[in-house]
There are 2 protein chains.
Amino acid sequence: MGNKSNNLLLGALEMLVLKSLLTEDRHGWGISKRLKQISSGAFTLNVGSLYPALYRLEKKGLVESYAATSEKGREARFYKILPKGKQQLEEHTADWREFSLAVEAVLLSDS
Amino acid sequence: MGNKSNNLLLGALEMLVLKSLLTEDRHGWGISKRLKQISSGAFTLNVGSLYPALYRLEKKGLVESYAATSEKGREARFYKILPKGKQQLEEHTADWREFSLAVEAVLLSDS
DNA sequence: TTAGATATTTCGAATATCGAAATATAAGTG
DNA sequence: CACTTATATTTCGATATTCGAAATATCTAA
C-alpha cells in the first residue's frame, strides 16, 4: 500500500504501543495487558511481535528503557516515551485516521 | 498483531481489491485508478504489490480472470469476483471494522 | 518523433509477522 | 512440600509480503 508514512499498516503496532506509554511508563507485559483491556480483547499482542517492536522503538530513539520493579514486585524493563516518540505518535495517528477513513470510503462506495 | 483473521492488516489490500470488483469486472490498472479515485488519492497502489495480490486472489479461488479488450482498446486481464471472494470480502470487512474501532478506542483513551 | 497514457510482469532486498518454546521467579493452593 | 498459575522477557526460524524500480509493449496526441 503506497501511503505517506511508509509503514502505516505495519506501524499500527508501534503506534498503539507509543500511545499506551503516553500517560505512564510501562513494561512490555503491561502494554500487552493494557491494550487488550482497552480494545475489549480485540488485540491480543503476540509477544514475539511486541518485544521486538519495543527494541526497534528504542533503537530509533522513540522510547527509552530502564530496569525497575513492577507493581507485582518483579524485575521488569520499563519503557518511557521520548519527545521524538510523541511526535511520531501524532504523525502516525493522523496518517492512520486518513488511511482508515479512506478504507471506509471504499467499503461504503458503490464500487 | 494477533487478530482473528490472521492477516487483517496486510489483508487490507486484498479486501480493497475485492471490493472494487464487486460491481464490475476490472483489470489491475483499473482497480488501481478506481481505488485512488474513491480514496481521494489516499491510496496509490504499488503495482509491485497489486499484481501479485491479484495472482494470489486467483490462486485462492476468490477471483477468476479472463483476457478482454479494455475501454481504451487495449488488451487487458480482467478479474471477476467469485462467490468465495464475496464471502471473504464480507468477513474481512467485518474484521477490519472491529479492528479499526479497537484502534480508535485506544487512540481516544486516556492511556 | 516524441512523449504520455495505458497495462502488465518481474526482481531482489528488506523487514515484520507469527507461533512456539525456553527461561525465571513469585505467590497461592491442596 | 509439590504443583500450578501469573508475571515477565528472550529468542528462533519459517513464511510472507512489502517496496521501489525497471523492463516491456502498444496506442494516441502533439
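Given the structure is predicted, the values throughout are model-derived calculations rather than measurements.
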* **A/Ser32 (side chain) donor-acceptor with A/Gly28 (main chain) under 3.5 angstrom** => no
**Side chain A/Ser39, main chain A/Phe43, donor-acceptor under 3.5 Å** =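 Yes.
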Review point. Is any side-chain nitrogen or oxygen of B/Lys33 closer than 4.0 Å to OP1 or OP2 of C/dA7?
Key: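 Checking B/Lys33 against C/dA7: no side-chain N or O falls below 4.0 Å of OP1 or OP2.
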Practice item. Have a look at B/Tyr55 and say if it touches a base, only the backbone sugar-phosphate, or nothing, with a 4.0 Å heavy-atom cut-off. Key: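 Answer is sugar-phosphate: B/Tyr55 comes under 4.0 Å of backbone atoms only.
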Would you mind telling me which of [options] lies closest to the side-chain atoms of [X]?
{"X": "A/Asn46", "options": "C/dC18, C/dA7, D/dA8", "answer": "C/dC18"}
{"X": "B/Arg56", "options": "C/dA20, C/dA7, D/dT18", "answer": "D/dT18"}
{"X": "A/Leu13", "options": "D/dT10, C/dT17, C/dA7", "answer": "C/dT17"}
{"X": "A/Tyr51", "options": "C/dT9, D/dT7, D/dT9", "answer": "D/dT9"}
{"X": "A/Lys72", "options": "C/dA7, D/dA8, C/dA21", "answer": "D/dA8"}
{"X": "A/Ser49", "options": "D/dT9, D/dA22, C/dT17", "answer": "C/dT17"}
{"X": "B/Arg77", "options": "D/dT7, C/dT8, C/dT17", "answer": "C/dT8"}

How many Å lie between [atom1] on [X] and [atom2] on [N], as a whole number?
{"X": "A/His27", "N": "D/dA6", "atom1": "NE2", "atom2": "P", "result": "16 Å"}
{"X": "B/Leu45", "N": "D/dG20", "atom1": "CG", "atom2": "P", "result": "12 Å"}
{"X": "A/Trp29", "N": "C/dT23", "atom1": "CH2", "atom2": "P", "result": "18 Å"}
{"X": "A/Lys59", "N": "C/dA14", "atom1": "NZ", "atom2": "C1'", "result": "12 Å"}
{"X": "B/Asp25", "N": "C/dA7", "atom1": "CG", "atom2": "P", "result": "15 Å"}
{"X": "B/Phe78", "N": "C/dT6", "atom1": "CZ", "atom2": "P", "result": "14 Å"}
{"X": "A/Glu75", "N": "C/dT23", "atom1": "CD", "atom2": "P", "result": "19 Å"}
{"X": "B/Leu50", "N": "D/dC19", "atom1": "CG", "atom2": "P", "result": "11 Å"}

- Query: Is there a side-chain contact (heavy atoms from CB on, under 4.5 Å) between B/Leu54 and B/Ile31 once you walk through the steps?
  - Reply: CA-CA 10 Å; B/Leu54 252 7; B/Ile31 291 169; 4.0 Å; yes
Tested for side-chain hydrogen bond (donor to acceptor under 3.5 Å, both in side chains) against A/His27, the lone hit among A/Arg77, A/Lys33, A/Glu71 is A/Glu71
* A/Lys80/A/Glu58 ion pair, N-O < 4.0 Å ->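 No, this pair does not count.
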Does the gap between the ring centers of B/Tyr66 and B/Tyr79 come in under 6.0 Å? no
Checking A/Leu22, A/Thr23, A/Leu16 against A/Lys19 for side-chain contact (heavy atoms from CB on, under 4.5 Å), the one that qualifies is A/Leu22
Output for pair (A/Thr44 OG1, A/Leu50 CG), nearest 0.5 Å, gives 12.0 Å
Nucleotides 12-14 of chain D: which of its N/O atoms have a protein N/O under 3.5 Å away?
none

Ranking B/Gly73 and A/Glu71 by the position along DNA chain D of their nearest nucleotide, the one closer to 5' is A/Glu71
Hey, does the side-chain of B/Arg74 have a donor or acceptor N/O within less than 3.5 Å of a partner on the base of C/dT6?
-> yes
